[in-house]
Amino acid sequence: MTDPFGFLKIPRRPVPARPVEERLSDWNEVYAGQALLPLVSEQAGRCMDCGIPFCHHGCPLGNLIPEWNAYAARGDWQAAAERLHATNNFPEFTGRLCPAPCEDACVLTINADPVTIKNVEQAIADQIWERGYAPPQPPERLSGKTVAVVGSGPAGLAAAQQLTRAGHTVAVYERADRIGGLLRYGIPAFKMEKRHLDRRIEQMQAEGTKFRTGVDVGGDLDATELSRRHDAIVVAVGATEQRELPVPGRELYGIHQAMDYLTLANRVREGDYASSPVTAEGKHVVIVGGGDTGSDCLGTALRQGAVSVVQLDINPEPGDARPDTEPWPIYPKVYRISHAHEEARGREGTDPRLFSSATLRFEGGPAGHVRALHLTEVEPRARKPRPDTERVIPAELVLLALGFSGPERGTGLMKQLGLRLDDRGNFARDEAFAAETAGQAGRSGRSRTDGVFVAGDAGRGQSLVVWAIAEGRAAASATDRYLTGSTVLPAPVTAKDRPLAA
């Protein structure tokens with residue numbers, strides 16, 4: 001602990017983002033070039049060093065937040081880096097992408113403003129690279145065991161790095177042409193520039209992890225053949241089964257899934273296209289869905305030069321205060337503004353979101369292209385249309401950001417490895433991440449798929465980047481134990497753990 005009265009004397013001051021007009025003119029991160037360290041070190045000094053740090057429980061990684069806060073407050077970046085890396089393989093990802101449930105679990109939140117934990121984490125993560133505190137850590141000796149990791153999102157990368165450092169020979173298989181999963185093609189550059197991802201991949205390659213891109217396991221490569229060639233498999237293919245909107249007019253041109261739109265925009269940044277085949281430039285845009293993916297579409301559409309952007313959220317507008325039904329330290333549903341919402345408000349003067357709103361149908365023009373969206377207000381709980389609330393808004397580009405319902409169904413990967421779905425539509429697994437398949441063993445009719453483990457959104461469902469990394473680390477621990485009989489790798493979560501809830 002630094003100053004025991006710091007939280008009493010120093011008010012919360014988050015790191016300011018770049019001015020709206022400046023960041024709308026480029027694709028750089030919203031904090032690019034900001035002077036973080038003096039402000040962050042002061043803010044880290046607000047940490048109370050409370051006896052029971054509930055911020056640990058708000059984060060599935062179990063980050064040692066009070067410890068690296070204290071080091072950051074003193075400017076000891078090397079010690080802070082060691083403490084941060086002790087629980088998190090990729091803090092430069094989480095410091096930029098995680099919504100920071102740790103801050104809502106901060107003890108200060110009971111009657112004051114929490115520590116700016118996310119800002120501190122990002123500052124430490126940046127110092128790790130600037131000061132050379134992330135050298136490759138190849139294993140001292142090899143185990144002779146081989147592991148295939150299917151999928152290169154945060155869960156797959158975390159599992160691969162942990163297993164490589166444990167001495168196993170690991171190959172990561174990715175069906176896309178580049179490594180990174182949604183980190184590569186689903187997250188816009190203004191939230192996380194891809195150089196952060198690229199240098200982690202370079203570090204992992206230097207440690208011994210092999211990467212195989214353009215390989216569709218279950219399609220191009222038979223998963224049973226992969227199983228024969230490796231001692232274990234970690235399935236980390238994510239939850240990519242996109243939800244649909246079955247309303248009249250869905251077949252019209254100009255209506256796209258959000259992830260397809262974001263992927264094309266990211267491919268422009270990668271140099272694959274001079275401009276996106278699906279662009280918001282000069283169009284009235286409507287985003288259906290009020291989550292983070294919708295917000296990413298909003299920021300992307302604004303940078304592409306949309307004439308207007310409206311985001312529909314079927315949920316009612318939350319209040320500013322934590323509801324009684326979601327007491328501290330639970331991550332509450334309160335009114336939040338993303339950087340993209342701030343950008344839209346700065347331009348139009350109003351929140352781009354229409355809460356308690358649902359799509360009734362799409363209206364097309366003579367060429368079969370969408371030109372308008374009919375919407376209605378809905379009841380908060382039943383989500384039934386309210387009478388006499390229908391209205392029409394212009395829509396020349398519609399983006400469906402309705403989330404994901406689990407891993408893709410009926411794939412070759414699923415069939416060839418004998419994976420089954422649980423009652424939530426995710427790949428079934430036991431507490432230790434081992435995949436389960438329908439069988440005759442035991443009363444439950446379940447049996448383990450030997451040597452196959454499931455990590456991340458494929459087994460948990462759509463979730464946060466911190467849960468994906470935590471699951472990757474835990475699945476690596478389970479895999480290491482399976483291969484060697486014991487393990488020293490940490491397992492921060494079990495497959496059945498869930499976020500704090502009332």
For a quick check under 3.5 Å, do [X] and [Y] share a side-chain donor-acceptor pair by atom type?
X      : Y      : value
Ser477 : Gln162 : no
Thr494 : Asp497 : yes
His168 : Asp480 : yes
His230 : Thr146 : no

For the side chain of [X] and the backbone of [Y], is there at least one donor-acceptor N/O pair under 3.5 Å apart?
X      : Y      : value
Asn28  : Ala32  : no
Glu174 : Ala176 : yes
Gln43  : Pro14  : no
Ser41  : Ala72  : yes
Arg83  : Trp68  : no
Glu103 : Lys118 : yes
Asn119 : Val15  : yes
Thr164 : Gln161 : no
Arg96  : Glu29  : no

With sequence neighbours left out, what residues match [X] under side chain to side chain donor-acceptor pair (under 3.5 Å)?
X      : result
Asp104 : none
Arg250 : Glu244
Ser338 : Ser295, His341

field: Inter- and intrachain pairs under ring pair (Phe, Tyr, Trp, His ring centres under 6.0 Å), touching residues 456-498, at least two apart
entry: Phe453-Tyr482

- prompt: Quick one: ring pair (Phe, Tyr, Trp, His ring centres under 6.0 Å) pairs with a partner in residues 70-95, sequence neighbours left out?
  reply: Phe90-Phe93

With [X] via salt bridge (Lys or Arg N to Asp or Glu O under 4.0 Å) - residues at least two apart:
X      : answer
Lys191 : Asp296
Glu431 : none
Arg228 : Glu225
Arg473 : none

field: CA sep, side-chain torsions, deciding dist, call: Thr293, Met259, side chain to side chain contact (heavy atoms under 4.5 Å, CB included)
entry: CA-CA 8 Å; Thr293 301; Met259 199 51 61; 4.1 Å; yes

Can you find a heavy atom in the side chain of [X] that is under 4.5 Å from one in the side chain of [Y]?
X      : Y      : value
Val20  : Glu342 : yes
Met204 : Leu157 : yes
Gln122 : Thr94  : no
Asp177 : Asp272 : yes
Glu408 : Gln242 : no
Lys210 : Val149 : no
Asp222 : Gln416 : yes
Phe433 : Val454 : no

- request: Carefully, step by step, assess Asp216 and Leu221 under the rule side chain to side chain contact (heavy atoms under 4.5 Å, CB included).
  value: CA-CA 6 Å; Asp216 180 12; Leu221 175 60; over 6 Å; no

[X] side, atom [atom1]; [Y] side, atom [atom2] - distance, nearest 0.5 Å:
X      : Y      : atom1 : atom2 : result
Ile124 : Asn88  : CD1   : CG    : 11.0 Å
Glu343 : Ile337 : CD    : CD1   : 12.0 Å
Lys194 : Ile201 : NZ    : CD1   : 10.5 Å
Trp129 : Arg199 : CH2   : CZ    : 6.0 Å
Ile117 : Cys47  : CD1   : SG    : 7.0 Å

Could you list the donor-acceptor pairs under 3.5 angstrom formed between side-chain atoms of residues 131-140 and any protein atom two or more places apart in sequence or on another chain?
{"from": "Arg131", "atom 1": "NE", "to": "Gln127", "atom 2": "OE1", "distance (Å)": "2.4"}
{"from": "Arg131", "atom 1": "NH2", "to": "Gln127", "atom 2": "OE1", "distance (Å)": "3.2"}

Please report the closest heavy-atom contact between [X] and [Y], naming both atoms and the distance.
X      : Y      : answer
Leu413 : Val217 : CB-O, 3.5 Å
Leu61  : Pro492 : O-CB, 4.1 Å
Pro188 : Asn266 : CA-OD1, 3.8 Å
Ala258 : Cys297 : CB-SG, 3.5 Å
Gly186 : Leu262 : O-CD1, 3.5 Å
Ile128 : Pro91  : CD1-CG, 4.2 Å

message: I'd like to check the ring pair (Phe, Tyr, Trp, His ring centres under 6.0 Å) partners of Tyr331; sequence neighbours left out, ordered by chain and number.
response: none

message: Which residues pass the ring pair (Phe, Tyr, Trp, His ring centres under 6.0 Å) test with Phe54, not counting sequence neighbours?
response: His57, Trp328

query: For the side-chain contact (heavy atoms from CB on, under 4.5 Å) test, which of Thr479, Thr169, Leu483 pairs with Lys145?
result: Leu483

field: Stacked cation flag Arg420 on Phe427, 6.0 angstrom / 45 deg
entry: no

query: Do we get Arg303 above Phe190's six-membered ring, with its NZ or CZ under 6.0 Å from the centre and within 45° of the axis?
result: yes

task: Apply salt bridge (charged side-chain N to carboxylate O under 4.0 Å, His left out) to Arg200 and Glu92, showing your working.
output: CA-CA 10 Å; Arg200 275 296 177 186; Glu92 66 274 24; 2.5 Å; yes

- request: Could you walk me through whether Thr224 and Leu417 pass side chain to side chain contact (heavy atoms under 4.5 Å, CB included), step by step?
  value: CA-CA 6 Å; Thr224 54; Leu417 291 181; 5.5 Å; no

Leu421 and Met414: CA distance, side-chain angles, deciding distance, side chain to side chain contact (heavy atoms under 4.5 Å, CB included) verdict: CA-CA 9 Å; Leu421 299 176; Met414 181 177 173; 3.5 Å; yes

